[in-house]
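Just below is one structure, and these are the notes that go with it.
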Amino acid sequence: MTVNILSLDQLCVARAGTRIITDVSADMPCGAIVGICGPNGAGKSTLLAAIANVIPCCDGTIQWQDRRLTPSDFSFMPQTLGIRAKLSVLEIVLLGRLDRLRWTLTTDDIDAAGEALELVGMKDLGARPIGTLSGGQQQLVLLAQRLIRRPPILLLDEPTSALDLRRQLVVLDILKAYAKTKNALIVIALHDLTLAARYCDQLLLLQEGKLACSGKPASVLTRETIGTVYGVDAEILATSNGTPVIAPLAPAYRTPR
Ligand SMILES: Nc1ncnc2c1ncn2[C@@H]1O[C@H](COP(=O)(O)OP(=O)(O)OP(=O)(O)O)[C@@H](O)[C@H]1O
């Protein structure tokens, strides 16, 4: 199987004239979930938006299969909640196929939207106006909208932030299966370090726009790194199957720089 790689090389991004991301380099292979973690304001959303070409990079390169990334390569889901559009859930999901929709909807379009909604457990709400759904339900619908395109790369900014405990696991299981079956790359910003440890194959830990550490979750999420980057003393425990569990004990173990 071909291993396509999304390569960031010395990426720098500025917003409103201020450097936000500095010299971030990473190789992210297809078939993997890559987590972007870090404190509030570390630059997770900015990095994802820059990869999605929503914000221009001021330096560095982004390459996919040794060429520039194009819009057909990925779906990007920014942090958006509280949608007010007067569209139904089904219509919102179909918008994910906007690039291939014709004047009439095909059975394939409707079936694909139905399947995507079923996958995230929202099929029964297809006729509901999106604005009448809860924040978590909207988040699931927006994920279905991104999945319907079946992109080789999914860029997701905190897609589980509004979800309950079970749905967080369901969504991350869906993404894990998607990465494996479609040989797709999923790049996901996550605050929950235990979920990141459990589901991500690789982590990029950002601190003030720079890569503090990267690699496999167990090597990134150490007591020392969490203390330095988050300013939190945390114990690293393990589940019965060896997955790391990050148990925060107290803030200000060491004040972050
Ligand atoms: N539109 C903007 N104009 C100027 N600065 C911005 C803009 N958006 C974000 N920033 C700044 O960029 C920095 C990184 O923000 P970003 O949203 O990428 O962080 P984040 O890691 O995603 O944070 P959070 O965990 O709170 O979502 C912050 O200092 C923020 O204030």
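Both ligands and their constituent atoms are indexed starting at 1 by order of listing.
- Of all non-hydrogen atoms in L204 and A26, the two that sit nearest each other are CD2-CB, 3.8 Å.
- Those atoms of ligand 1 with a heavy atom of A42 less than 4.0 angstrom away are 19 (O), 21 (O).
- The protein heavy atom nearest to atom 11 (C) of ligand 1 is I20 CD1, 3.9 Å.
- Distance from atom 24 (P) of ligand 1 to its nearest protein heavy atom, with residue and atom name: N40 ND2, 3.6 Å.
- For ligand 1, none of its N or O atoms has an N or O atom of A16 under 3.5 Å away.
- Q139 and S161 share a side-chain donor-acceptor pair at under 3.5 Å.
- One hydrophobic cluster, built from ILVMFWY side chains closer than 4.5 Å, cannot hold both V229 and L211; they sit in different ones.
- The ligand atoms of ligand 1 that sit less than 4.0 angstrom from a heavy atom of P39 are 21 (O).
- In summary, the atoms of ligand 1 found under 4.0 Å from a heavy atom of H191, numbered by their order in the structure, are 25 (O).
- Of all protein heavy atoms, the one lying nearest to atom 17 (O) of ligand 1 is S45 CB, 3.7 Å.
- In terms of N/O distances under 3.5 Å, ligand 1 is approached by G43.
- Of the listed options K44, E208, Q79, K44 places a heavy atom closest to atom 20 (P) of ligand 1.
- Side-chain contact, R15 with T46: a donor N or O sits under 3.5 Å from an acceptor N or O.
- A pairwise comparison of heavy atoms in L237 and E235 identifies CD2-OE1, 3.3 Å as the closest pair.
- The shortest non-hydrogen separation linking A234 to I226 is CB-CG2, 4.0 Å.
- Distance from atom 8 (N) of ligand 1 to its nearest protein heavy atom, with residue and atom name: R15 NH1, 3.1 Å.
- In this comparison of S161, G209, G41, the heavy atom closest to atom 23 (O) of ligand 1 sits on G41.
- Protein non-hydrogen atoms do not reach within 4.0 Å of atom 31 (O) of ligand 1.
- Proximity to T46 (heavy-atom distance under 4.0 Å) selects the following atoms of ligand 1: 14 (C), 15 (O), 16 (P), 18 (O).
- Here the shortest heavy-atom pairing between L185 and P29 reads CD1-O, 3.3 Å.
- Residues A32 and A179 come closest through the heavy atom pair O-CB, 4.3 Å.
- Here the side chain of Q138 pairs a donor or acceptor atom with the backbone of I83 at under 3.5 angstrom.
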